[in-house]
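Here is the structure we will look at, set down as structure tokens.
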Amino acid sequence: MLPMSACSRRGDRVVPRLLPAFAGLLLLAAAALPAAGQDAAPRARRIVALDWGLAETLIALGIPPIGVPETRSYADWVVAPPLPAGVAEVGLRLEPNPEILQQLAPDLILTIAEHEAIRPLLARIAPTLALPIYGPEGRPYDRAVAATGRLARLTGREAQGEALIATAETVMARARARFAGSGDGRSVYVVSFLDGRHVRVYGKGGLFQDVLDRLGLRNAWQGETNGWGFATIGIERLADDPDASLIVLEPLPHDAQRTFRGSRLWRNLPFVRAGRVHRLPPVLMFGTLPAAVRFAELLTATLLGEAPHE
Amino acid sequence: MNEARAVPARPAIGGWPLRHPAWCVGALCLAAAALSLDALAARLPPALWIRATLSPDLADMRQVVVRESFLPRLVVSLLCGAALGLAGTIFQHVLRNPLASSTTLGVSAGAKVALAVVGLWLPALLEEGGEWVALAGSTAAFLLVLGIASNRGLAPLSVVLAGMAVSFAASTGAAALMLFNEHYLTGLFLWGGGSLSQQDWSAVLFLAPRLAAAALLAGLMIRPLSLMGLGDVQARSLGLGLGWARLVLLATAVTVAASVVSAVGVIGFVDLAAPTLVGLLGARRLQDRLVWAPLAGAALLWLTDQLVLRWSGIYGEMVPTGAVTALLGAPLLLFLLPRLAVAAAPPRGALTPPARAARRPWTLTGTFAAIAVLALAAALAVGRGPDGVTVSGPSDIAALLPWRAPRLAAAFAAGAMLAAAGVLMQRLTANAMASPEVLGISTGAALGLLALLLLVPGAGRAITVPAGAAGAFLALAAILSLARSSAFSPERVLIAGIALGAFFDALVVALMAAGDPRAQMLLNWLVGSTYRVSATDAFATAGIAAGLLATLPLLARWLDILPLGAGTARALGVSLGASRLAVLLFAAVATATATLVIGPLSFVGLVSPHLARLAGLARGLPQAVGAALIGGTVMAEADWLGRMLSSTSAMPAGLMAALVGTPCLLWLLRRR
């Protein structure tokens with residue numbers, strides 16, 4: 001009874017309300033993109049990205065999302081590229097608030113594999129597009145490149161998309177050359193501390209693995225990983241490779257500090273004894289190209305010192 | 001006579017040495033030692049063992065790992081096991097309660113939630129003061145439990161019920177924190193699972209003196225402790241006021257349990273299993289149990305941990321040992337259950353007396369219905385957006401209905417079904433504390449769904465209801481068959497429910513800790529999120545609810561007769577088998593459907609029947625209908641309240657209902 005009357009009423013209201021929005025959109029498009037104006041294909045302008053990785057790609061393309069989940073945590077875990085002011089908080093990553101989404105009136109909602117169950121619900125608000133970067137298939141870097149291209153075409157920012165992909169390749173190549181020039185075939189563990197005793201170690205299937213491969217570095221963690229490309233282990237298992245360096249991603253939980261000061265095992269781990277522990281500012285471990293670039297640059301700067309400015 | 005008794009009641013038969021706990025503990029130790037030696041040999045050649053232990057070559061990482069990780073882990077497993085065995089024995093003895101343990105008394109959960117809260121808002125405090133935070137949480141939870149149960153003279157059932165409710169509230173709170181701070185609290189889940197992994201001897205140095213002091217204290221107190229078994233009156237006549245002794249001992253046990261929690265996390269069930277096990281194996285005198293229970297606890301945890309080490313070696317995944325003890329402990333407990341005799345008479349037929357039986361029950365029910373309609377309308381109209389609270393007029397609601405109506409309808413239907421199932425269960429078992437949640441029927445449904453999720457990836461919703469219903473029915477049947485021999489003794493039914501619940505929790509924790517991507521989804525469902533409810537789901541749920549509730553009048557006569565007992569029922573010509581089966585089927589289907597929507601957490605099914613009764617609905621049918629209306633309203637309002645708490649992210653309905661329902665339950669318990 002209720003839903004039916006709801007539908008008819010809604011139908012009456014939607015059209016008049018959307019008219020000014022359409023007009024605004026047209027104006028906006030005309031003002032912002034005079035060059036691309038001749039392309040008749042409808043382009044996504046108001047995009048909600050339910051994944052931080054896809055959000056950072058959009059920001060890098062110069063068309064920031066209008067809504068992102070958990071914006072407060074984004075600032076702590078992704079850091080760069082920062083969310084532009086005015087990006088709406090849309091709720092939890094896996095349960096974005098539909099009423100807010102509806103108010104935002106996006107013309108595209110970007111999702112990843114974890115959102116499959118709620119895509120029918122999201123599809124009632126706007127068309128959805130799933131661009132999963134992580135999964136059992138692995139190779140997130142390549143998939144991030146593909147997603148960048150796809151998003152660039154969708155938003156009419158092909159030039160920016162190609163530039164982003166090219167920049168990433170250049171950064172990787174330059175870093176690779178610097179590592180090759182420095183002469184040591186390094187291996188690294190890349191970890192996030194979960195508490196004083198456990199870390200997530202990133203490996204096969206993760207973005208950092210792909211970056212390490214491109215940089216010509218060896219990942220010291222050769223063990224199993226899950227679909228997101230990490231394994232949860234006790235730090236005593238980081239002892240297998242005596243020549244490895246340890247890359248610790250911030251933010252650190254409070255009790256990691258105690259481990260650094262007091263734990264005897266920690267003090268005797270090869271990389272600690274040799275002074276090869278490096279802290280890296282936060283990088284989105286489940287990110288896309290901007291995260292890959294950020295990781296490669298931070299890693300190079302940390303291990304080899306600042307690059308000579310080009 | 002109040003003391004816990006293990007079956008067989010006869011003393012161990014002379015000449016049959018297998019009855020002695022030493023054999024069992026010895027066998028456990030032997031297996032654990034074999035595994036340990038094997039694991040050690042895989043890490044370091046035997047020639048270096050002594051060197052690594054005494055003065056390891058710090059440049060040889062293998063030696064450092066053995067010395068600073070493998071060995072302390074082994075010792076910590078022994079210490080924690082012994083500490084828990086000791087704490088469990090003291091709890092059980094002092095409270096004269098065979099079901100007491102840090103898990104069932106809310107002590108672990110209290111510590112856990114305290115550490116989570118402090119970790120989130122005052123992380124600096126944890127760095128040095130973690131132990132005190134844990135102790136404060138444990139003590140607060142324990143005092144709350146005692147406070148609630150005190151007016152029933154700390155009767156075992158009341159204590160455990162209160163403990164369970166407090167645990168439940170604390171875990172629910174922790175789950176809510178986890179849900180909204182996923183990125184910051186991943187460590188909490190590992191720790192909540194009780195990982196024994198070590199990197200130095202600090203946990204050993206932390207636990208050993210505390211355990212030694214507690215053991216010494218317990219040794220000194222054997223005489224007053226033994227007298228405690230006699231009961232207050234006899235003890236006093238022997239010249240011992242027991243108040244102080246109780247206080248000291250309970251404080252000791254809580255402190256020991258909190259130390260374990262703050263050192264390694266929540267290790268479930270060892271402190272319940274170890275004393276029970278040695279009791280069954282013939283250690284009946286207190287001094288025997290005080291010696292053997294810690295030993296058995298140590299052996300149990302040692303063996304479990306070595307198995308975990310070996311297992312995680314194969315799969316390269318983190319499985320916290322505490323989750324595994326709970327996984328193993330729950331079936332063990334179910335196995336022990338029929339062998340466990342509880343001397344205390346169960347408080348049968350203690351249904352809440354109606355404050356004043358209503359003269360016109362149907363008018364009252366109509367009032368409830370009117371309230372329900374008003375509440376639903378309000379919940380549809382009032383929301384909260386980024387700009388604050390909004391009240392939508394009839395014209396604006398249209399755009400919001402597609403979001404708000406399905407979840408409200410599903411929540412209402414689920415609450416109504418749970419409440420009706422609760423009335424049925426309470427009347428069937430004549431047990432005031434029976435309900436889908438407490439009896440583990442919700443957990444059974446959840447387990448059925450979990451099995452489906454893990455075994456049949458991508459299973460459609462069409463088979464989720466049957467899977468859940470099958471799980472619920474199996475759980476129900478298992479629990480009732482367990483309980484039948486004791487004529488639905490509340491203790492047994494309850495402990496079975498607790499065991500099932502712990503088993504499920506352990507599974508979820510293990511999945512979360514292993515980083516299984518399905519775990520987050522599971523967590524969302526576990527806390528009763530109505531987010532994914534589509535209009536079709538809502539229609540289906542409401543349809544099943546309506547269909548089930550329509551059959552209630554057919555059950556009306558049975559509902560009034562069954563509580564009078566089997567004899568009366570038979571004399572009145574009621575077929576016991578048929579009536580019970582019908583009631584059970586109803587409860588299973590209702591619980592499974594509801595669990596599917598709002599998860600296994602919520603006390604709606606337990607609380608609503610009591611509220612209906614308190615309002616004056618004394619007879620079966622009006623009580624069931626009234627409870628269904630109350631349960632539905634509570635659940636729908638919980639869903640609404642969850643939406644209102646934050647402008648962006650809704651607090652799940654199941655969680656809200658638990659947060660509201662648990663205080664209600666505590667109040668009911670206190671009042672009983």
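The analysis underlying the following values was restricted to heavy atoms, covering all of them including side chains, and did not include hydrogens, waters or symmetry mates.
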Item to check | chain B contact via Gln103(A) - which portion, at a heavy-atom distance below 4.5 Å | outcome: side chain
Item to check | Inter-residue atom distance Gln63(B).CD - Asn268(A).CG, 0.5 Å rounding | outcome: 11.0 Å
Next on the checklist: What verdict does the side-chain contact (heavy atoms from CB on, under 4.5 Å) test give for Trp201(B) and Leu265(A), after you've listed the backbone C-alpha separation in whole Å, the side-chain angles of each residue and the deciding distance to 0.1 Å?
Outcome noted: CA-CA 9 Å; Trp201(B) 290 82; Leu265(A) 180 97; over 6 Å; no
Next on the checklist: At a 4.5 Å cut-off on heavy atoms, which part of Arg643(B) comes close to chain A: side chain, backbone, both, or neither?
Outcome noted: side chain
Next on the checklist: What part of Leu121(A) gets within 4.5 angstrom of chain B, counting heavy atoms only: side chain, backbone, both, or neither?
Outcome noted: both
Checklist entry - CD of Gln102(A) to CG of Leu400(B): how many Å apart, nearest 0.5 Å? => result 6.5 Å
Item to check | Distance in Å, Glu95(A) CD paired with Tyr531(B) OH, rounded so as to fall on 0.5 Å steps | outcome: 6.5 Å
Checklist entry - For Val277(A), what residues pass the side chain to side chain contact (heavy atoms under 4.5 Å, CB included) criterion, not counting sequence neighbours? => result Leu246(A), Val248(A), Trp266(A), Phe271(A), Val272(A)
Item to check | For Leu122(A), all residues meeting side chain to side chain contact (heavy atoms under 4.5 Å, CB included), sequence neighbours excluded | outcome: Leu50(A), Pro96(A), Leu101(A), Ile109(A), Thr111(A), Ile118(A), Thr128(A)
Checklist entry - Tell me, side chain or backbone of Pro56(B) under 4.5 Å from chain A's heavy atoms, or both, or neither? => result side chain
Next on the checklist: Taking Pro402(B)'s backbone N and O only, do any of them form a donor-acceptor pair with Arg124(A)'s side chain (distance below 3.5 Å, no angle check)?
Outcome noted: yes
Checklist entry - So which of Pro120(A), Pro98(A), Ala88(A) has the biggest tally of heavy-atom pairs under 4.5 Å with chain B? => result Pro98(A)
